Amino acid sequence: MAVSPADLSAAFVMTPVAPADWLVVLPPAWCILAGAVLLMLRKSVRLQAMIAIPALAILVLVDALLLVHVSQNGPVTMVMGRWLPPFGIAFTADLTGVLFALAGAVVALAGSVHALSDIDGTGRRYGFYPFLLLLMAGVSGAFLTGDIFNLYVWFEVLLISSFGLIVLGSEARQIDGAIKYAFLNLVATTLFLIATGYLYGIFGTLNMADIAVKAAAGRADLPLMTLATLYLVAFGMKAAAFPVNFWLPASYHTPRVVVSALFAGLLTKVGIYALLRTLIMLFPIEREELSVVIALAGVATMLVGALGALGQSDIRRLLGYVVISGIGVMLVGLSLGSPGGVGGAIFYALHSMVVMTALYMVAGLAGRLAGTFDLNRLGGLHTRSALFSTLSLVLFFAVSGLPPFSGFWPKVMVAKAAMDIGAWWLVAAVFLTGFLTTIALGRVFALAYWRPAGEALPDAAIPASALLPLVALTALTVGFGLFPNALLATIQHAAQGLADPRAYIGSVFPGVN
Amino acid sequence: MNTLIFRTVAPFLTALMVLFSLFVLLRGHNEPGGGFIGGLIAVSAFAIYGIANGVAAVRQALWFHPMAIAAFGLFIACIAGLLSFVFAVPFMTGLWVYPTILGVEIPLSSVMLFDAGVYLVVVGSITSIALALEAEDDV
């Protein structure tokens, strides 16, 4: 039976795909490929890191090339299996997605190098590196997909991989943390799935560009408020927003430190990204209605995080609360909805990915140098290593939002956006949180670094493979703190692209606009 | 479960079920079947063999570690998608060739390669779980 080409063009993408467009699907596909190879070579412990680190370096390169491609040509789309959207599953990379993907890849590369000294042979045999690569497949896929059910699938991929990472070592404490983590994340995922089923019932489509068009066209008759609220709760739980934040401090201090570092850098930010994607791009009017709720949740998240950090004596638990307080700032930016607020949220998320990963590495190294994570017993770290002490101080200032480090600019952007609408209470909350975080981390510095060591320190040195990623991430923080202009311009474009998704829709459906 | 009848029949049953699972895998393109269900049938075959002759016998018969089989499946499924690059069509587009072998035209496609990948992923991962559950003592 012969089929004429005219028939095919009604269902198929007929234009040849430019090689550059392959960059859109390459990050998750590459991670799956490398993860599969690592899994096959699971018993060759020595090969694991030798394959995984170059593979992640290539991932960083691919994401960087994609960023260049997208910033020059606008959003890029590839539809799976050649089927025309909305029937084919679309991968659409816009600036927001690519920025998150690139930051995630950088964090993963740093983590993979840091793991050289943190994950022993047993951890590698149990599959640290394959899990890391598959986690990155999930994370990159979530940032680059243009289909909301596909987003759910990538969430599952990264969730399953993170279960594997969190139980690495199989200690009783880890299983306890993993159960809390797994249960609460599965609840959030179920809510996400329910919301998506409901969404499909309403629109009959899962393609995000298609949803954006249909929501804008028929808003008055559709129960979109329910959808927006469901997504807010589901992704808020993923992001550890108040009042559904309790799973994070209960689980993040139990796995290996480098695993905590990767989780703190990657997982909650996927939740924030999904919130930005759904509430800013798909349901902007509903977000406007919910803005007071989101702002209140954001302020509560910030304060709970900052006060929690003040009350902890285990550094790793303390950092868990610092992660939460950062999520609060992003939520406030989201609640404002203006380009400044959304841009601030995106910038803060990128900053937080880098800084929180680095801070967990600091905690791990402090624990290794002093033999304990307990602030009551830590001491004398400054005399042990002045370089380590300096790096730590820079990161403490950065996460507190002090200039001239990268945490300062997004806080200013969010505060400025809040001032523009006269929401002084939000400005006050942002600065109060910064103040409390400074005190909490100043306390860590005073106790663990300045105070003379109370007991004899174990004889441990910092290996170069652990220090190098820490130096690199700190350099990023300082660099983007001192020279934020290029990043700020890109982020402003990204925020505009979310608020006005015409370019995004045009890339999925060429010829609509 | 360790009766003489069961132990005698199990190898034949296993062989038959693995053969049937391949049949289900291959007919799955246009008819009911496919990689997932075929894989599950193969896993039940290995599970029967394991119940009859013990976990060690299954591991020996499989030769490769089940996780490595699953990983190889993931690998070829991904390769099946990436083949599209060569033909300048989007990721995971179905590509077909029709070679004639011994006078019979055999349609082969990247879709089939992908389905074989799914088959191996299911065989590897579920066998791995089944063997872990069957091996009560010899951990």
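Per chain, numbering begins at 1; letters A, B, ... match sequence-line order. Keep in mind that this is a model prediction, so the values were computed, not measured.
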Checking heavy atoms, do the side chain of [X], its backbone, both or neither come under 4.5 Å from chain B?
X       : answer
A:Pro19 : both
A:Met78 : side chain
A:Val25 : side chain
A:Leu41 : neither
A:Ile89 : neither

Give the ring-plane orientation class for B:Phe85 versus A:Trp22, where under 30° counts as parallel, over 60° as perpendicular and anything between as tilted.
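Ring orientation of B:Phe85 relative to A:Trp22: perpendicular.
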
Should the pair A:Tyr152 and A:Phe149 be assigned to parallel (<30°), tilted (30 to 60°) or perpendicular (>60°) ring geometry?
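Tilted.
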
Indicate yes or no for a side-chain donor-acceptor contact from B:Ser84 to the backbone of B:Pro90 under 3.5 Å, with no hydrogens or angles considered.
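Checking the backbone N and O of B:Pro90 against the side chain of B:Ser84, a donor-acceptor pair under 3.5 Å is found.
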
N/O donor-acceptor pair under 3.5 Å between B:Thr3 side chain and B:Phe6 backbone
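Yes, because the side chain of B:Thr3 sits within donor-acceptor range (under 3.5 Å) of the backbone of B:Phe6.
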
Contact origin within B:Leu82 toward chain A - heavy atom pairs under 4.5 Å:
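It is both, since atoms from each part get that close.
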
Tell me whether B:Gln60 at atom CD has more than 12 heavy atoms from other residues, nucleotides or ligands lying less than 6.0 Å away.
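No, the 6.0 Å shell around CD holds no more than 12 heavy atoms from other groups.
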
